[in-house]
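Heads up, the thing below is written out as structure tokens.
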Amino acid sequence: MSTNADLASLFEQAADLLALLGENSFKVLAHRKVARVLEDLPQDVASLISSLDDLPGVGESSAEKIKEYLRTGSVGEFTALRQQVPAGVVQMLAIPSLGVKTAAQLWHEAGITDIATLKQKLDDGSLLTLKGMGEKKIAKIKANLAFVGKEADRVRVDIAMAIAQSYCALLEQPLKQGGAATQVQYCGSLRRGRETIGDLDILVCGDAAAAGQIAERLRGHSLTGQIVAAGDTKITLRTRADLQVDVRIVPAESWGAALQYFTGSKEHNVKLRERAVRQGLKLNEWGLFRGDKPIAGLLEQDIYQSLGLAAPPPEVREDHGELEQAESLFKANASWQLVTMADIQGDLHMHTTASDGSQSIDDIVAEAKRRGLKYIAITDHSKSQFQARGLTVPRLIEHVNAIRAVARKAKDILVLAGSEVDILADGSLDYEDDVLAQLDWVVASPHAALAQDSDKATIRLVRAASHPLVHVLGHPTGRLVGTRRGLEPDMPQVISAARRSGIAIEINANAHRLDLRDVHVRLALEAGVPICINTDAHSFDDFDQLPFGVLTARRGWAKASDVLNARSVADFKSWLDSRRGAAHW
DNA sequence: GCCGTTTTCGGCCCGACTGTTTTCAGTCG
């Protein structure tokens with residue numbers, strides 16, 4: 001899979017180089033598009049070698065380059081491009097407010113080919129003679145130099161969500177003049193539920209006259225570092241932790257259009273606007289227009305309906321075929337029906353003080369009931385997880401008995417005695433079959449040897465997924481968002497194995513994991529493998545991670561019927577009964 | 001470079017903000 005990422009980065013780099021060389025901007029864009037397609041690809045690009053042309057956005061020329069890379073490990077044309085542009089010029093693009101035009105100008109007109117020289121010339125005033133280069137621009141570039149090298153990483157969705165909610169709450173408070181904002185909503189990749197967020201977009205319904213007051217209020221928020229720009233309809237700020245927040249002020253009649261526009265994705269919007277143009281209409285953040293006449297704009301769904309589409313939920317707006325689906329749904333007079341928080345009936349992966357959790361069996365059952373769950377599985381770690389106090393077989397038997405004792409007296413909730421059994425490096429499980437057979441529920445997860453190569457990882461996970469006593473594959477790759485790559489198996493093979501043995505695959509809802517990831521969720525569902533959205537709760541707070549798992553499921557187009565723990569207790573039990581390895585209750 | 005319900009050629013989404021300008025270019029999303 002890292003082949004995909006490496007190739008994507010090559011195409012992205014090529015796009016920068018072409019732009020710096022003054023190439024046609026649509027050609028530049030085409031390269032960025034290929035980079036994005038490769039990044040989003042759920043399977044290894046090498047497995048598609050004979051059908052690369054079928055990927056939307058990948059034409060004959062790019063397909064050849066991809067093949068060349070797979071054959072030789074490099075792309076001759078890209079290598080040649082790199083030789084034409086000094087590396088330091090490319091590095092300058094990392095400076096905010098300094099784009100390709102300026103970088104090319106500095107290179108050609110001032111002979112600047114590295115950042116050190118740029119710094120020096122910014123200071124000595126010699127750049128003022130360049131066209132379009134004034135005091136303010138120079139000051140801005142100087143200030144932004146600080147961002148080079150410590151490029152703000154994308155922020156995990158849970159962190160971004162907390163920040164967004166804090167700013168939204170602030171903006172919802174009444175203003176001194178002009179009344180309260182009637183509506184406030186975060187948009188962008190956060191609303192689409194991506195696992196990481198690059199910046200925050202917040203939409204405020206209100207009068208442009210209030211922009212000044214809103215800016216002042218934002219300035220006073222404890223998280224705000226500096227206000228970067230402040231106009232009548234847009235205020236941009238950076239938090240102290242360097243996350244960019246864009247706040248837009250829109251009038252009520254444009255609320256829906258703005259919501260649609262700022263939710264994106266960019267690629268989804270491009271497709272949508274092209275569709276509007278084909279129908280003789282124009283779509284922008286102010287509304288959908290025929291000539292000057294507004295057709296829709298108040299509500300987001302009106303925009304889509306006016307274009308003959310069933311409004312797709314924000315989570316699927318990635319230009320991954322959702323407009324085609326939206327069109328068929330519209331024609332069938334149907335709507336999108338993705339799984340929601342309210343559908344979730346059970347949680348089938350949780351820990352107690354028996355291993356590394358901080359809650360007792362009684363506490364966890366009470367908390368699950370309080371949150372309206374109808375069934376849970378208690379799944380502490382297996383014996384190899386020494387550091388997590390994994391259970392030896394005697395301790396496991398004792399623990400299972402304790403769980404069953406609680407289960408017998410628990411009312412209105414089904415409590416299963418299970419285990420999160422380690423998938424060892426070779427794909428065998430951490431307990432013998434006769435031990436596993438005594439459990440109601442088995443989550444099989446990898447925890448160690450997460451750096452093994454792709455082939456070994458595939459064999460390992462296929463073996464575990466084929467084990468007759470396993471019910472669900474837990475956090476299949478072991479990746480940690482932004483910090484650990486985890487296993488990179490050939491996911492279609494793992495999914496096929498799960499389908500053959502009739503097991504489910506987990507979406508671990510914890511925002512650190514979100515494993516299975518969105519694109520693989522979709523592959524699993526297309527193969528007919530049910531998913532299971534589990535919190536892997538180690539404490540009461542971890543129950544709050546569930547929404548991130550649901551968002552990820554929705555990004556994979558999951559309906560409630562695709563989700564095992566969205567079934568009623570009775571339906572869940574009959575699924576369990578249909579599995580080999582009789583359950584005990 | 002990519003693509004096709006006008007098209008295999010000729011388009012390719014659209015606007016806000018800033019800074020530099022006397023009407024627009026660059027950057028960003």
Side-chain angles (χ1 to χ4, degrees), chain A residues 11 14-15 18-19 22-37 52-66 77-78 81 92-106 127-141 143-144 187-189 197-203 208 211 215 227-238 244-250 254 257-258 260-289 307-308 319 327:
Chain A
F11 271 88
L18 289 167
E23 250 306 347
N24 177 316
S25 62
F26 296 109
K27 183 170 169 179
V28 174
L29 220 60
H31 280 76
R32 296 202 199 281
K33 167 86 179 175
V34 174
R36 182 170 178 275
V37 168
L52 288 171
D53 269 346
D54 295 346
L55 293 172
V58 179
E60 200 182 333
S61 163
S62 295
E64 281 309 314
K65 293 191 178 82
I66 292 170
E77 211 173 308
F78 292 171
L81 283 176
M92 284 193 257
L93 296 179
I95 304 169
S97 80
L98 196 160
V100 286
K101 302 282 183 180
T102 311
Q105 182 191 30
L106 292 169
L127 297 179
L128 280 167
T129 55
L130 295 183
K131 187 162 185 287
M133 196 65 75
E135 300 275 4
K136 283 189 175 177
K137 205 160 170 180
I138 284 176
K140 199 169 185 175
I141 294 173
N144 285 339
C187 304
S189 50
I197 310 300
D199 57 26
L200 290 179
D201 292 288
I202 297 176
L203 215 56
I227 304 284
V228 178
D232 285 344
T233 66
K234 176 182 167 184
I235 299 153
T236 298
L237 64 86
R238 283 190 159 277
Q244 182 167 318
V245 182
D246 289 328
V247 176
R248 320 263 175 168
I249 302 154
V250 299
S254 295
Q260 193 289 314
Y261 183 91
F262 291 112
T263 295
S265 65
K266 190 177 167 195
E267 291 76 12
H268 171 89
N269 286 358
V270 167
K271 280 282 166 65
L272 198 64
R273 287 197 288 275
E274 284 172 357
R275 188 181 172 89
V277 169
R278 277 202 304 276
Q279 298 182 13
L281 305 171
K282 189 177 81 164
L283 177 63
N284 58 31
E285 64 262 55
W286 304 105
L288 179 65
F289 301 89
L307 291 167
D319 186 23
E327 184 170 338

Worksheet item: Can you check whether A:K282 has a side-chain N or O nearer than 4.0 Å to OP1 or OP2 of B:dG15?
Response: yes
Fill in: Partner residues of A:A257 under the side-chain contact (heavy atoms from CB on, under 4.5 Å) criterion, sequence neighbours left out
A:I303
Discussion item. What's A:L29 touching, base or sugar-phosphate or nothing? Going by heavy atoms closer than 4.0 Å.
Written reply: nothing
Practice prompt. Report which part of the nucleic acid A:Q244 touches: base, sugar-phosphate, or nothing (heavy-atom distance under 4.0 Å, all strands).
Written response: sugar-phosphate
Practice prompt. Measure the OG1-CD1 distance between A:T102 and A:I95 for me, rounded to the nearest 0.5 Å.
Written response: 10.0 Å
Practice prompt. Could you walk me through whether A:E327 and A:R275 pass the salt bridge (charged side-chain N to carboxylate O under 4.0 Å, His left out) test, one step at a time?
Written response: CA-CA 11 Å; A:E327 184 170 338; A:R275 188 181 172 89; 2.9 Å; yes
Practice prompt. Tell me what A:K33 touches on the nucleic acid: a base, only sugar-phosphate, or nothing, going by heavy atoms under 4.0 Å.
Written response: nothing
Practice prompt. Taking atom P in both B:dG15 and B:dG10, compute the distance separating them and give it to the nearest angstrom.
Written response: 26 Å
Worksheet item: Contact class for A:V34 (heavy atom, under 4.0 Å): base, sugar-phosphate, or nothing?
Response: nothing
Item to complete: In whole angstrom, give me the gap between the P atoms of B:dG11 and B:dA16.
Response: 26 Å
Worksheet entry | Distance between P atoms of B:dC12 and B:dT5 (Å, rounded) | 16 Å
Worksheet item: What does A:A230 touch in the nucleic acid at a heavy-atom separation under 4.0 angstrom: a base, only the sugar-phosphate, or nothing?
Response: sugar-phosphate
Response to the item:
Judged by nearest nucleotide, the residue sitting upstream toward the 5' end of DNA chain B, A:K136 or A:L55, is A:L55
Discussion item. Reading DNA chain B from 5' onward, which residue's closest nucleotide shows up sooner: A:E60 or A:P96?
Written reply: A:E60
Practice prompt. Could you tell me whether the phosphate oxygens of B:dC28, OP1 or OP2, come under 4.0 Å of any side-chain nitrogen or oxygen in A:T236?
Written response: no
Worksheet entry | C1' gap between B:dA25 and B:dT20, integer Å | 9 Å
Practice prompt. Can you establish whether the number of heavy atoms outside A:Q279 located under 6.0 Å from its atom CD is more than 12?
Written response: yes
Worksheet item: With sugar-phosphate meaning primed atoms plus P, OP1 and OP2, does A:S25 contact a base, only sugar-phosphate, or nothing at under 4.0 Å between heavy atoms?
Response: nothing
Item to complete: In sequence, state the C-alpha distance, the side-chain angles, and the governing distance for A:I138 and A:I141, and then conclude on side chain to side chain contact (heavy atoms under 4.5 Å, CB included).
Response: CA-CA 5 Å; A:I138 284 176; A:I141 294 173; 5.7 Å; no
Item to complete: Send over the distance from A:I227 CD1 to B:dC17 P, rounded to a whole Å.
Response: 14 Å
Worksheet item: Above 12 or not: heavy atoms from other molecules or residues under 6.0 Å from CD of A:E77?
Response: no
Practice prompt. Using a 4.0 Å heavy-atom cut-off across all strands, classify A:F262 as base, sugar-phosphate, or nothing.
Written response: nothing
Worksheet item: Would you say A:W286 reaches B:dA16's phosphate, i.e. side-chain N/O to OP1/OP2 under 4.0 Å?
Response: yes
Every protein N/O lying under 3.5 Å from an N/O of nucleotides 23-26 of chain B:
from, atom 1, to, atom 2, distance (Å)
B:dG26, O3', A:T102, OG1, 3.2

Practice prompt. Rounded off to whole Å, could you give me the CG-to-C1' distance for the A:L18 and B:dC2 pair?
Written response: 14 Å
Worksheet item: A:D201 side chain to A:C187 main-chain N or O, any donor-acceptor pair under 3.5 Å?
Response: no
